[in-house]
Amino acid sequence: MKIHIMGASCAGSTTLGTALAQQLNYPLFDSDKYFWEATEQPFTVKRDPELRNAMMLQDVNINSNWILTGSMVSWGPAWLNMFNLVVFLYIPHHIRMQRLHNRELERYGDAIFTDPVRAANYQAFMKWATGYDENTTKGRTLQVHENWLSQVNAPILEIRGDTTVQQRIDLILEKMNEL
């Protein structure tokens with residue numbers, strides 16, 4: 001079973017993927033680990049698309065079961081046929097934005113307010129994330145995700161609302177049993 005869990009930033013795909021991978025004893029892959037190069041300032045240098053795709057394919061192809069979290073919408077058409085199940089998470093905008101703020105504060109502390117570079121990165125990131133629901137940002141938006149989902153050759157489970165991780169796991173396990 002090859003499961004892809006996706007949604008807007010802070011919709012909970014990594015948290016859910018981690019919990020589900022632990023419960024099913026599946027390897028977990030996070031697209032951010034492949035998309036971004038490891039740098040001193042995280043999430044600032046994009047990896048070459050051919051290299052990132054090759055790296056991820058090498059990792060997933062050695063496993064018959066796996067979970068992949070993150071967005072794959074710009075990774076090429078091969079990924080449209082890669083999954084047995086795609087889980088799309090959507091939570092209300094105000095809850096997601098509060099989660100984003102809390103995550104950034106946890107990661108970087110008061111530097112998101114006091115360090116000029118970190119503060120500018122934080123403000124730009126929050127502005128970008130705000131545009132997801134309104135489809136006004138570059139890259140990942142709700143409309144981009146919905147368009148990509150309409151092209152995927154796999155069953156799609158949409159989980160909308162502020163549900164718990166366990167509720168989400170239960171819905172996925174139920175869907176897996178149906179398949």
Side-chain angles (χ1 to χ4, degrees), residues 1-36 42-43 65-75 79 83-113 118 121-152 154-179:
M1 180 63 87
K2 297 162 179 66
I3 303 170
H4 177 40
I5 303 173
M6 61 178 284
S9 189
C10 263
S13 62
T14 303
T15 300
L16 175 59
T18 301
L20 185 63
Q22 186 174 25
Q23 183 164 334
L24 296 175
N25 198 29
Y26 284 9
L28 175 67
F29 303 99
D30 186 346
S31 64
D32 277 346
K33 303 272 194 259
Y34 300 87
F35 189 86
W36 299 103
F43 312 112
N65 298 305
W66 44 261
I67 297 169
L68 169 63
T69 58
S71 181
M72 305 299 292
V73 297
S74 64
W75 289 48
W79 294 98
F83 312 109
N84 302 117
L85 175 63
V86 175
V87 179
F88 175 66
L89 304 177
Y90 182 85
I91 62 170
H93 175 79
H94 69 283
I95 295 171
R96 187 175 63 80
M97 294 306 295
Q98 184 61 53
R99 287 182 183 179
L100 272 172
H101 170 75
N102 293 344
R103 183 180 75 186
E104 293 298 293
L105 194 56
E106 184 179 310
R107 280 183 179 170
Y108 307 111
D110 286 340
I112 64 173
F113 306 115
R118 178 51 50 204
N121 288 345
Y122 167 75
Q123 290 299 323
F125 177 64
M126 294 300 283
K127 181 179 178 185
W128 173 82
T130 296
Y132 177 85
D133 296 281
E134 302 159 355
N135 300 304
T136 58
T137 195
K138 257 188 158 179
R140 284 190 292 165
T141 65
L142 179 58
Q143 186 64 55
V144 167
H145 275 166
E146 289 173 338
N147 289 344
W148 188 83
L149 288 166
S150 73
Q151 299 173 52
V152 169
I156 297 166
L157 173 62
E158 289 193 27
I159 303 175
R160 293 183 179 257
D162 188 22
T163 54
T164 67
V165 172
Q166 190 57 55
Q167 288 171 321
R168 292 172 173 192
I169 287 174
D170 292 344
L171 290 168
I172 293 169
L173 295 176
E174 182 180 314
K175 184 69 171 180
M176 288 173 67
N177 284 333
E178 290 174 15
L179 301 175

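Here the structure is a predicted model, which is why all the values come from computation and not from measurement.
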Under 3.5 Å, is there a donor-acceptor pair between the side chain of Thr141 and the main chain of Asn135?
no
Distance-only, no hydrogens or angles: does the Trp128 side chain make a donor-acceptor pair with backbone N or O of Lys138 under 3.5 Å?
yes
Hey, are the side chains of [X] and [Y] touching, using non-hydrogen atoms and a 4.5 Å cut-off?
X      : Y      : answer
Arg96  : Cys10  : yes
Leu28  : Leu68  : no
Leu179 : Asn84  : no
Lys175 : Val87  : no
Tyr90  : Leu142 : yes
Asn65  : Asn25  : no

Using 0.5 Å steps for rounding, measure from the [atom1] atom of [X] to the [atom2] atom of [Y].
X      : Y      : atom1 : atom2 : value
Glu146 : Glu158 : CD    : CD    : 7.0 Å
Leu85  : Glu178 : CG    : CD    : 10.0 Å
Met126 : His101 : CE    : NE2   : 7.0 Å
Tyr122 : Arg107 : OH    : CZ    : 13.0 Å
His145 : Ser71  : NE2   : OG    : 3.0 Å
Ile5   : Thr69  : CD1   : OG1   : 7.0 Å

Side chains of residues 161-172: which donor-acceptor partners sit under 3.5 Å, not counting sequence neighbours?
from   : atom 1 : to     : atom 2 : distance (Å)
Asp162 : OD1    : Arg99  : NH2    : 2.8
Thr163 : OG1    : Arg168 : NE     : 2.9
Thr164 : OG1    : Gln167 : N      : 3.0
Thr164 : OG1    : Gln167 : OE1    : 3.3
Gln166 : NE2    : Asp170 : OD1    : 2.8
Gln167 : OE1    : Thr164 : N      : 2.8
Arg168 : NH1    : Ala11  : O      : 2.9
Arg168 : NH2    : Ala11  : O      : 3.4

Is the number of heavy atoms from other residues, nucleotides or ligands within 6.0 Å of NZ (Lys33) greater than 12?
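Not buried by this count: 12 neighbours or fewer within 6.0 Å.
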Does atom CD (Gln22) have a neighbourhood of more than 12 heavy atoms from anything else shown, all under 6.0 Å?
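Atom CD in Gln22 is not packed in, count stays at 12 or less.
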Take Ile67 and Met1 through the side-chain contact (heavy atoms from CB on, under 4.5 Å) test and state the conclusion after the steps.
CA-CA 8 Å; Ile67 297 169; Met1 180 63 87; over 6 Å; no
Evaluate side-chain contact (heavy atoms from CB on, under 4.5 Å) for Gln23 paired with Leu173, printing each intermediate quantity in order.
CA-CA 10 Å; Gln23 183 164 334; Leu173 295 176; 3.3 Å; yes
Any salt bridge linking Glu106 with Arg103? Criterion: basic side-chain nitrogen under 4.0 Å from a carboxylate oxygen.
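Arg103 and Glu106: not salt-bridged.
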Is there any ring-ring contact (aromatic ring centres under 6.0 Å, His included) pair reaching into residues 1-27, and which pairs are they, with sequence neighbours excluded?
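Qualifying pairs: His4-Phe83, His4-Trp148.
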[X] versus [Y], closest heavy-atom pair with distance:
X      : Y      : answer
Phe88  : Gly7   : CE1-CA, 4.1 Å
Ile112 : Glu104 : CG2-O, 4.0 Å
Ser13  : Gly70  : OG-N, 4.0 Å

Applying side chain to side chain contact (heavy atoms under 4.5 Å, CB included), name anything that partners Gln123, two or more places apart in sequence or on another chain.
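Checked Gln123 against side chain to side chain contact (heavy atoms under 4.5 Å, CB included); zero matches.
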Are Ile3 and Val86 close enough, and set up right, to give a side-chain contact (heavy atoms from CB on, under 4.5 Å), and what steps lead you there?
CA-CA 6 Å; Ile3 303 170; Val86 175; over 6 Å; no
The test is side-chain contact (heavy atoms from CB on, under 4.5 Å); show your working for Phe125 and Phe43 and say whether it passes.
CA-CA 10 Å; Phe125 177 64; Phe43 312 112; over 6 Å; no
